[in-house]
Amino acid sequence: MLISVTVNGDVFEREVEEHWTLLRFLRDGLGLTGTKEGCGAGECGACTVELDGRTVNSCLALAVEADGASIRTIEGEADQGRLSTIQAAFARHHAVQCGFCTGGMVMSVRDLLQRNPRPTVEEIKEGIEGNFCRCTGYEQIVEAVLDASGQLDAAKGVLRHV
Amino acid sequence: MAARFGYRAPRRREELLALLGEYGERARVLAGGTDLLGDVRSGLAHPEVMVDLKRVEGYRELGWSADDGLLIRPGVTINDLLGDDRVRASYPLLAACAQDLASHQIRNRATVIGNVVNASPCADLSPALLCLGAHAVLSSQEGRREVPFTEFFTGAKRTVLRTGELLEEVVVPPAGADARGSYHKLKRIKGHDLGIVGVAALAEDGALRLGISSCAPTPLLVDGLSTHDPVDEVVAAARAAISPISDVRCTKEYRTHMVGVYVRRALEEVA
Ligand SMILES: Cc1cc2nc3c(=O)[nH]c(=O)nc-3n(C[C@@H](O)[C@@H](O)[C@H](O)COP(=O)(O)OP(=O)(O)OC[C@H]3O[C@@H](n4cnc5c(N)ncnc54)[C@H](O)[C@@H]3O)c2cc1C
Ligand code: FES
Ligand code: FES
């Protein structure tokens with residue numbers, strides 16, 4: 001089936017197989033490999049992208065379902081090589097170790113901060129509950145989100161990892 | 001996805017029902033796909049064609065009427081429900097159950113109706129809909145019929161839905177102004193775990209209803225209780241209704257014990 005999608009602002013028209021997941025289309029069809037496949041079953045969140053303004057697990061959506069939709073992936077996060085506020089905070093707080101979860105994690109954090117610009121620690125944990133990190137540990141990620149949302153005060157010594 | 005299948009995305013309900021009639025057993029309705037695509041991936045479902053209902057006009061809207069209450073259509077997702085102020089204000093029990101389902105990403109896709117049609121004994125929305133006295137409207141080319149949720153589930157992952165039939169509306173009667181609800185779900189981790197035991201409680205005009213998940217082949221309603229009943233009697237009624245099994249997640253003894261714990265907690269909140 002021929003589909004037309006907008007990905008990170010660019011329009012693509014592509015022939016796709018009906019049984020392709022959106023994840024496979026992004027990676028194999030468009031070469032956007034920042035979106036990862038961890039579990040393929042909706043559990044780990046490594047495949048998180050924004051579909052018409054809502055975060056979804058792209059392993060649990062079909063490419064054909066995205067016909068006419070607007071998609072945002074992690075490749076749309078940095079602006080011409082300049083890290084976004086969230087990405088810079090992740091780097092500052094060592095919230096990235098192997099990086100496999102990071103693309104999906106950043107997509108969820110971005111979505112959370114759009115809905116709730118100053119989330120509490122509890123709200124941050126809830127916002128990333130669909131994203132597993134198996135190596136960094138969540139402390140640094142939570143700190144990065146606090147920082148990205150302007151809620152860390154370095155003078156009070158809350159910044160532990162800098 | 002290794003399995004191959006065709007894909008249709010009708011815009012009108014008549015077209016959708018015609019496709020379901022035409023393909024019969026060979027078609028599967030695709031809503032949010034959070035159960036269905038997992039089943040296809042693991043070889044549990046083998047549809048020849050996926051009939052996507054999300055593009056049907058009006059299917060993403062919630063309906064309201066003074067007489068009938070809340071009307072949930074097939075495209076309404078868990079987060080659509082949670083994002084609606086009227087739902088949160090009038091049906092806090094429904095909102096509490098919805099909030100406990102999976103992660104934000106899954107809630108953006110998973111539909112309310114897909115959750116009940118999938119008929120998992122641990123589905124989160126079923127206990128609330130049972131307590132609230134909701135019913136299902138089933139449509140096919142042959143016509144429509146109404147089935148209360150107390151008669152909808154026939155076994156684990158089994159319902160009265162026939163081949164070619166669509167669950168087109170869930171109708172939730174208006175909630176009483178003094179209704180109070182609570183939901184407790186035992187799980188290992190929030191965000192990606194099905195319930196091990198779930199207890200929903202609704203108190204309304206002195207009447208008390210319990211909706212219990214993960215403790216029998218189907219979600220259960222325990223009805224005919226009163227908020228004045230002694231707590232031990234309510235716990236006994238709940239334990240008499242369930243038929244839990246031991247499985248990979250816990251033993252039936254633990255489930256039986258935890259139903260008592262959660263019923264007590266629920267009563268503290270609603271009675
Ligand atoms: C990682 C993960 C975690 C989860 N956690 C929870 C949880 O904590 N609690 C919980 O309750 N659930 C949980 N679920 C399951 C939950 O996402 C689903 O039950 C969901 O609500 C199903 O809705 P859907 O729109 O995705 O349905 P689909 O997957 O599209 O469909 C499910 C089934 O219903 C049929 N169907 C759908 N709509 C209709 C209709 N209108 N008429 C007739 N048939 C129809 C389909 O053909 C299919 O057989 C989880 C799922 C995943 C992947
Ligand atoms: S790959 Fe999609 S959730 Fe794990
Ligand atoms: S950084 Fe390795 S899984 Fe999160």
Side-chain angles (χ1 to χ4, degrees), chain A residues 1-3 16-25 37-69 104-105 107-112 114-116 119 122-132 138, chain B residues 1-9 11 27-55 60 75 77-80 82-83 99-111 114 118 187-194:
Chain A
M1 182 175 142
L2 184 71
I3 62 167
V16 297
E17 299 276 352
E18 281 78 358
H19 63 278
W20 275 24
T21 60
L22 177 58
L23 172 65
R24 178 164 176 192
F25 168 66
E37 174 161 19
C39 62
E43 302 200 3
C44 74
C47 66
T48 304
V49 302
E50 219 177 83
L51 178 66
D52 283 336
R54 291 174 170 221
T55 50
V56 303
N57 303 102
S58 60
C59 69
L60 282 188
L62 298 174
V64 285
E65 290 180 75
D67 185 26
M105 193 70 83
M107 295 308 291
S108 282
V109 169
R110 193 188 126 79
D111 176 67
L112 169 69
Q114 263 171 4
R115 285 181 284 127
N116 180 359
E122 263 323 297
E123 288 165 344
I124 294 170
K125 288 181 183 169
E126 201 170 320
I128 58 170
E129 71 191 0
N131 295 79
F132 287 5
Y138 296 93
Chain B
M1 203 91 20
R4 292 179 168 270
F5 44 77
Y7 173 82
R8 303 291 289 273
R11 308 261 166 181
R28 285 297 282 274
V29 174
L30 176 67
T34 62
D35 280 321
L36 184 53
L37 295 181
D39 284 352
V40 169
R41 188 173 182 272
S42 49
L44 294 172
H46 315 270
E48 214 169 278
V49 56
M50 294 275 192
V51 183
D52 188 348
L53 56 73
K54 290 188 293 296
R55 291 184 198 253
R60 295 218 51 168
T77 65
I78 306 290
N79 271 347
D80 288 340
L82 284 167
Q99 188 64 55
D100 226 324
L101 187 148
S103 63
H104 190 74
Q105 291 98 307
I106 297 277
R107 290 194 294 271
N108 271 340
R109 295 279 290 174
T111 61
N118 194 53
K187 66 241 160 186
R188 292 167 308 174
I189 350 163
K190 184 168 177 340
H192 32 78
D193 212 11
L194 291 170

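Residue numbers start from 1 in every chain, and the chains themselves are labelled A, B, ... in the order their sequence lines are given, proteins ahead of strands.
The nearest pair of heavy atoms linking B/Arg55 to A/Asp67 is NH2-O, 2.9 Å. Residues A/Gly130 and B/Ser103 approach most closely at CA-CB, 3.3 Å, considering heavy atoms. The two atoms that bring B/Leu37 and A/Glu65 nearest to each other are CD1-OE2, 4.2 Å, heavy atoms only. Of all non-hydrogen atoms in B/Gln105 and A/Asn131, the two that sit nearest each other are NE2-OD1, 3.0 Å.
Under the salt bridge (Lys or Arg N to Asp or Glu O under 4.0 Å) criterion, A/Glu18 pairs with no residue at all, not counting sequence neighbours. For B/Arg8, there are no salt bridge (Lys or Arg N to Asp or Glu O under 4.0 Å) partners at least two apart in sequence or on another chain.
Put simply, CD on A/Glu129 and CZ on B/Arg107 are 5.0 Å apart, with the number rounded to the nearest 0.5 Å.
Looking at B/Leu30, the atoms closer than 4.5 Å to chain A (heavy atoms on both sides) all sit in the side chain, from C-beta outward. If you measure heavy-atom distances from B/Asp52 to chain A, the contacts under 4.5 Å come from the side chain alone. Only the side chain of A/Glu37 has a heavy atom closer than 4.5 Å to any heavy atom of chain B. Interface residue A/Thr55: backbone and side-chain heavy atoms are both found under 4.5 Å from chain B. Contact of A/Cys39 with chain B is made through the backbone alone, with heavy-atom distances under 4.5 Å.
Note on A/Val56, A/Val64, A/Asp111: by heavy-atom pairs under 4.5 Å with chain B, the leading option is A/Val64. Contact count against chain B (heavy-atom pairs under 4.5 Å) is highest for A/Ala61 among A/Gly45, A/Cys44, A/Ala61.
For the pair B/Arg109 and A/Leu51, the minimum side-chain heavy-atom distance is below 4.5 Å.
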### Task
Begin with the C-alpha distance, continue with both residues' side-chain angles, and end with the deciding distance and a verdict on side chain to side chain contact (heavy atoms under 4.5 Å, CB included) for B/Thr34 and A/Asn57.
CA-CA 9 Å; B/Thr34 62; A/Asn57 303 102; over 6 Å; no
### Message
Go through it in stages, so that I can follow the logic: the residues are B/Phe5 and A/Leu62, the test is side chain to side chain contact (heavy atoms under 4.5 Å, CB included), and I'd like the CA-CA distance, side-chain angles, deciding distance and then a yes or no.
### Response
CA-CA 11 Å; B/Phe5 44 77; A/Leu62 298 174; 3.8 Å; yes
### Task
In sequence, state the C-alpha distance, the side-chain angles, and the governing distance for B/Thr77 and A/Arg54, and then conclude on side chain to side chain contact (heavy atoms under 4.5 Å, CB included).
CA-CA 12 Å; B/Thr77 65; A/Arg54 291 174 170 221; 3.5 Å; yes
